Amino acid sequence: MFEVIVYRILRLLVRIMSRIPLPVVQFMGKMLGTLAFLVPMSRKAVALDNLMQSFCSEMSEEGAKRLLRKVYIHFGQMLLEVPQAMRLNPENAHRYVTFESEERLLDALKKGQGVLALTGHLGNWEIESTAVAMRFGNLAVVARRMDFAPLERLVMDLRSMYGTKIIPKQRSMRKLLSSLKTNKIIGVLLDQNVDWYEGVFVNFFGRPACTNKGLALVALKTGVPVVPIFSAKARDGRYRVMIGKEVDLIRTGDKLRDVQENTALFTNIIERHIREHPEQYFWFHKRWKTKNYCPLPPGYFS
């Protein structure tokens with residue numbers, strides 16, 4: 001009963017937020033992000049360290065702090081913008097998003113094999129997902145379940161507005177493959193840390209990052225087109241949904257090498273988009289948590 005009550009309260013708050021005009025929401029989000037930046041939190045230290053390590057040769061610590069403040073402002077806005085997805089429809093979509101090079105996605109869909117949409121935690125991936133589902137239909141996303149049940153239910157409601165199928169991240173392969181058979185667009189966020197047995201280590205901002213190898217495995221096995229789709233906020237406050245060219249996969253005949261090199265290729269595409277909009281990337285994640293070495297315990301050699 002408690003979870004039902006919490007869910008209904010959250011749902012009501014989202015409905016209220018969805019009715020506030022977008023410019024007002026974005027101003028409120030800017031204030032929220034500015035205030036949050038002033039609060040000392042462990043994830044703030046993680047984000048600052050990620051920025052320092054990623055741009056160590058390009059900016060000073062003060063420069064990294066200025067960039068981090070912009071990151072907080074962006075995610076303050078994003079948090080309050082997500083309810084706006086409830087108002088998104090074909091008639092008003094132009095107020096929220098613009099699509100670039102959508103013919104690339106349409107051409108890939110014409111092959112009838114489905115599409116693996118390579119994406120990451122950049123811009124506003126929730127509104128991006130809703131907009132793609134509304135525009136093209138037949139969307140599925142691979143996502144990790146949230147720990148708090150009422151919030152998970154609410155997010156599921158928002159994500160499935162236009163019939164989007166949610167594929168749980170754990171043991172997702174069978175459902176993913178069956179979805180491709182119905183020519184679905186499957187969104188795969190490939191920019192999060194995984195354990196060593198789930199991924200391969202590839203270069204990401206100059207450091208080895210353990211990256212899920214599932215996308216490369218499926219793409220190589222099935223020949224399904226991989227199309228990059230990313231979002232980024234433009235100056236006018238709308239999100240650009242940028243659809244890239246279909247990725248030319250690397251095929252050498254060596255399976256292990258092909259998985260490694262294609263995962264690196266996908267990660268390079270993600271990094272390129274982040275470098276164009278670093279203030280809109282989710283730097284709070286412990287992306288380099290899994291190490292490609294085993295640290296020895298203190299006193300090992302004594």
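Since the model is a prediction, treat every value here as computed from it, not as a measurement.
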Review point. So how far is it from I269 CD1 to T119 OG1, rounded to the nearest 0.5 Å?
Key: 11.5 Å

Practice item. Under the side-chain contact (heavy atoms from CB on, under 4.5 Å) rule, what do K165 and S160 come out as? Steps first, then yes or no, please. Key: CA-CA 6 Å; K165 179 180 179 181; S160 58; over 6 Å; no

Practice item. Using a 4.5 Å cut-off on heavy atoms from C-beta on, say whether the side chain of L158 contacts that of M86. Key: yes

Review point. Only one of I186, V224, V218 forms a side chain to side chain contact (heavy atoms under 4.5 Å, CB included) with L177, so which one is it?
Key: V218

Check your understanding: Does the side chain of K169 reach to within under 4.5 Å of the side chain of Q192, using non-hydrogen atoms?
Key -> yes

Practice item. Measure the CG-NZ distance between L116 and K184 for me, rounded to the nearest 0.5 Å. Key: 13.5 Å

Check your understanding: Salt bridge between E61 and R66, side-chain N to carboxylate O under 4.0 Å?
Key -> no

Check your understanding: Do any N or O atoms from the side chain of N138 and from the backbone of T182 form a donor-acceptor pair under 3.5 angstrom?
Key -> yes

Review point. Going by atom types alone, do N124 and S231 pair a side-chain donor with an acceptor below 3.5 Å?
Key: no

Check your understanding: Can a salt bridge be assigned to the pair R287 and D191 using a cut-off of 4.0 Å between side-chain N and carboxylate O?
Key -> no

Check your understanding: Out of F266, F230, W125, which one pairs with H273 under the ring-ring contact (aromatic ring centres under 6.0 Å, His included) rule?
Key -> F230

Check your understanding: Hey, mind stepping through R11 and L154 against side-chain contact (heavy atoms from CB on, under 4.5 Å) and telling me if it holds?
Key -> CA-CA 7 Å; R11 179 84 181 180; L154 179 65; 4.0 Å; yes

Exercise for review: Examine R238 relative to Y96 and say whether NZ or CZ is less than 6.0 Å from the centre of the six-membered ring and inside a 45° cone about the ring axis.
Suggested key: no

Exercise for review: Verify whether the ring centers belonging to F204 and W288 lie closer than 6.0 Å.
Suggested key: yes

Exercise for review: Taking only Lys NZ, Arg NE, NH1 and NH2, and the carboxylate oxygens of Asp or Glu, determine whether D107 and R104 approach each other closer than 4.0 Å.
Suggested key: no

Review point. Does the H285 side chain pair with the main chain of F282, one donor and one acceptor, at a distance under 3.5 Å?
Key: no

Check your understanding: Does K44 make a cation-pi contact with F37, if we ask for NZ or CZ under 6.0 Å from the ring centre and within 45° of the axis?
Key -> yes

Point to revise | Donor-acceptor pair, side chain of Q84 and main chain of I20, under 3.5 angstrom | key: yes

Review point. Should the pair E81-K233 be classified as a salt bridge under the 4.0 Å nitrogen-to-oxygen rule?
Key: yes

Exercise for review: Please report the closest heavy-atom contact between V259 and T263, naming both atoms and the distance.
Suggested key: O-OG1, 2.7 Å

Review point. Are the side chain of R87 and the backbone of S18 linked by a donor-acceptor contact shorter than 3.5 Å?
Key: yes

Review point. Are the side chain of R240 and the backbone N or O of A234 linked by a donor-acceptor pair below 3.5 Å?
Key: no

**Study point:** Heavy-atom check, side chain of Q113 versus side chain of L180, under 4.5 Å
**Key:** no

Point to revise | Separation between CG of L67 and OH of Y72, rounded to the nearest 0.5 Å | key: 12.5 Å

Review point. Are I127 and I243 co-members of a hydrophobic cluster defined by side-chain heavy atoms under 4.5 Å apart?
Key: yes

Check your understanding: Can you find a pair of side-chain heavy atoms, one from K286 and one from N193, that are under 4.5 Å apart?
Key -> no

Review point. Just wondering, do I229 and L118 contact through their side chains at under 4.5 Å, heavy atoms?
Key: no

Check your understanding: So do S54 and R207 actually touch side chain to side chain, heavy atoms under 4.5 Å?
Key -> yes

**Study point:** Test item: N212 side-chain N/O and G199 main-chain N/O as donor-acceptor pair under 3.5 Å
**Key:** no

Point to revise | Rounded distance (nearest 0.5 Å) linking atom NE2 of H74 with atom CD of Q280 | key: 4.5 Å

Check your understanding: So Y281 and F205, ring pair (Phe, Tyr, Trp, His ring centres under 6.0 Å) or not? Walk me through it.
Key -> CA-CA 13 Å; Y281 185 60; F205 282 93; 7.4 Å; no

**Study point:** Step-by-step side-chain contact (heavy atoms from CB on, under 4.5 Å) determination, L176 to V142
**Key:** CA-CA 8 Å; L176 191 154; V142 179; 4.0 Å; yes

Practice item. Indicate if L35 and L79 have the same hydrophobic cluster label, given that clusters are the connected sets of ILVMFWY residues with side-chain heavy-atom separations under 4.5 angstrom. Key: no

Check your understanding: Side-chain contact, heavy-atom cut-off 4.5 Å: E246 with V226?
Key -> no

Check your understanding: Is M17 linked to L88 within one hydrophobic cluster, defined over Ile, Leu, Val, Met, Phe, Trp and Tyr using a side-chain heavy-atom separation of less than 4.5 Å?
Key -> no

Point to revise | Residue pair L249, L220: steps toward the side-chain contact (heavy atoms from CB on, under 4.5 Å) verdict | key: CA-CA 8 Å; L249 298 183; L220 289 165; 4.3 Å; yes

Exercise for review: Quick one: do K213 and E198 satisfy salt bridge (Lys or Arg N to Asp or Glu O under 4.0 Å)? Show the steps, please.
Suggested key: CA-CA 7 Å; K213 58 189 176 183; E198 294 179 292; over 6 Å; no

**Study point:** Main-chain N/O of V46 paired with D49 side-chain donor or acceptor, under 3.5 Å
**Key:** no

Review point. Do L22 and M134 share a hydrophobic cluster, counting only Ile, Leu, Val, Met, Phe, Trp and Tyr and linking them when any side-chain heavy atoms are less than 4.5 Å apart?
Key: yes

Review point. So, the side chain of T211 versus the backbone of A209: is there a donor-acceptor pair under 3.5 Å, distance only?
Key: yes

Exercise for review: Answer yes or no: is there an ion pair linking R159 with E126, defined by an N-O contact shorter than 4.0 Å?
Suggested key: yes

Check your understanding: Is the backbone of D258 close enough, under 3.5 Å, to the side chain of N262 for a donor and an acceptor to pair up by distance?
Key -> yes

Point to revise | SB check R144 E152 (cutoff 4.0 Å) | key: no

Review point. Is it the case that one hydrophobic cluster holds both L48 and L38, taking links as side-chain heavy atoms less than 4.5 Å apart, direct or via other members?
Key: yes

Review point. Does the separation of the ring centres of W283 and F75 fall below 6.0 angstrom?
Key: no

